[in-house]
Amino acid sequence: MLAITGTVLAVQANYYRVMLDQAFSLELLDESGQKFSQLVYELLCTRRARLKKIGQQICVGDRVTVEEPDWQGGRGAISEVSPRRNLLDRPTVANVDRILLVFALAEPTLDPHQLSRFLVKAESTQVDVLLCLNKRDLVNDQVWATWCDRLTSWGYSPIAISTYTKEGINELAQHLQTGVTVVAGQSGVGKSSLINLLIPDLQVRVGEVSQRLGHGKHTTRHVELFALPAGGYLADTPGFMQPNLTVTPQELTDCFPEARQRLASGNLCHFNNCWHRRDEPDCVVRGDWERYEHYLAYLEEAIVYQQKLKNTASADASVKVKDTSDGKQQQEPRLLKKRYRRESRRSEHQNLDTDDD
Ligand SMILES: Nc1nc2c(ncn2[C@@H]2O[C@H](COP(=O)(O)OP(=O)(O)OP(=O)(O)O)[C@@H](O)[C@H]2O)c(=O)[nH]1
Ligand SMILES: [Zn+2]
């Protein structure tokens with residue numbers, strides 16, 4: 001028999017709701033003894049003890065193998081979790097294919113700084129970012145064209161939509177037909193309205209969704225995948241997109257398509273470990289691209305973040321307590337983790353380079 005595989009849609013206590021890759025046709029008898037069949041799409045599963053023993057966590061989005069299905073009872077047991085391609089946190093979703101960032105062209109006013117920050121935050125996950133601008137009905141063609149040009153220069157191809165007129169909804173839906181899409185964006189831009197359009201069956205559950213989104217008073221953070229009618233899954237992520245950036249300076253340049261493009265152009269910075277700061281000699285990232293100033297501002301944050309990382313690393317890592325052979329404990333210096341060792345050498349060098357700025 002073929003292995004039963006599926007995707008974890010939701011995690012509740014010690015149960016995992018698994019959507020099967022192939023629905024199972026269950027043969028049943030009705031009251032008059034007539035056979036009829038019913039399709040089973042999902043199983044509510046437990047986690048095999050063996051997985052628990054090896055500390056294997058199971059997250060929403062995980063691809064799993066299910067054993068011992070009880071088709072009639074809709075139950076099963078997860079026996080295996082496939083290696084993850086990626087894992088977003090807060091809330092946790094595995095194997096994410098894209099982040100759909102939703103902003104509005106008006107109401108609330110589209111603020112380029114805020115949009116930029118959300119974009120950088122989304123890019124920092126290293127997952128593909130799809131940008132969609134809602135409330136197209138509220139602005140004229142000229143306003144839309146100006147934004148479209150501007151965002152194209154940022155390296156994005158925004159899709160204009162309106163949940164009121166339904167403009168752009170089909171085009172957007174086509175981008176979401178495969179894999180897992182995580183929806184993110186500021187409050188009030190129309191995410192809930194969009195999700196209801198994309199998944200009409202969900203309407204009944206809007207109340208629940210709102211609670212998940214944090215509208216309800218007794219909200220627990222909770223993430224769930226919803227199947228899109230034409231394929232693919234959508235996750236709404238309350239709490240995703242905290243305003244603080246948690247990237248190092250080295251990672252930050254990767255969060256700007258404009259900087260990535262400049263670095264990929266074949267030109268090289270003067271120093272091969274260039275931090276791409278304003279005063280670096282012959283830095284290829286420096287230039288007259290619109291968001292260069294945003295980039296420099298975030299770079300300051302990234303430097304502070306890296307310093308914090310380093311301080312934490314040295315606080316936990318400078319000393320370790322070791323059991324000696326006679327059962328006593330002694331303290332001894334601990335080697336820094338490789339990651340921090342490399343960074344600290346690099347920053348030492350950089351500090352020398354940039355002491356005079
Ligand atoms: N004019 C216009 N208004 C819209 C559109 N889509 C949504 N709205 C309105 O925008 C407001 C916010 O919509 P929601 O769908 O609740 O937005 P949200 O992003 O889910 O907001 P949060 O739940 O706070 O995160 C509502 O009053 C909607 O009616 C649109 O395409 N055009
Ligand atoms: Zn540089």
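Both counts, for ligands and for their atoms, begin at 1 and track the order of listing.
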Taking non-hydrogen atoms only, is Asn134 closer than 4.0 angstrom to ligand 1 via side chain, backbone, both or neither?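 Side chain only.
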Enumerate the atoms of ligand 1 whose separation from the nearest heavy atom of [X] is less than 4.0 angstrom.
{"X": "Asp137", "value": "1 (N), 2 (C), 30 (C), 31 (O), 32 (N)"}
{"X": "Ser162", "value": "31 (O)"}
{"X": "Ser192", "value": "15 (O), 18 (P), 20 (O), 23 (O)"}

Report whether any nitrogen, oxygen or sulfur of Cys283 sits less than 2.8 Å from the Zn ion (ligand 2) (N, O or S, backbone or side chain). yes
Does ligand 1 come near enough to Ile161 that some N or O of the ligand is less than 3.5 Å from an N or O of the residue?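 Between Ile161 and ligand 1 (N or O atoms, distance only) the closest approach is not under 3.5 Å.
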Heteroatom proximity flag, Leu138 to ligand 1, N/O under 3.5 Å: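 Not met; the criterion fails.
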Best match, Leu197, Ile195, Thr163: closest heavy atom to atom 6 (N) of ligand 1: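 Among Leu197, Ile195, Thr163, the closest heavy atom to atom 6 (N) of ligand 1 belongs to Thr163.
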Between [X] and [Y], is there a side-chain N and carboxylate O pair less than 4.0 Å apart?
{"X": "Arg17", "Y": "Glu42", "answer": "yes"}
{"X": "Arg260", "Y": "Glu123", "answer": "yes"}
{"X": "Arg63", "Y": "Glu80", "answer": "no"}

Restricting to N/O/S, name the atom of His276 that gets closest to the Zn ion (ligand 2). ND1
Flag the pair Phe256 / Trp289 as yes when their ring centroid distance falls below 6.0 Å, and as no otherwise. yes
Near-ring test Tyr233/Phe226, centroid separation under 6.0 angstrom: no
Closest non-hydrogen atom pair, Lys135 against Leu105: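 Smallest interatomic distance, heavy atoms only, reads O-CB, 4.2 Å.
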For the residue pair Arg291 and Ser116, confirm or rule out a side-chain donor-acceptor distance under 3.5 Å.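 The criterion, which ignores hydrogens and geometry beyond distance, is satisfied for Ser116 and Arg291.
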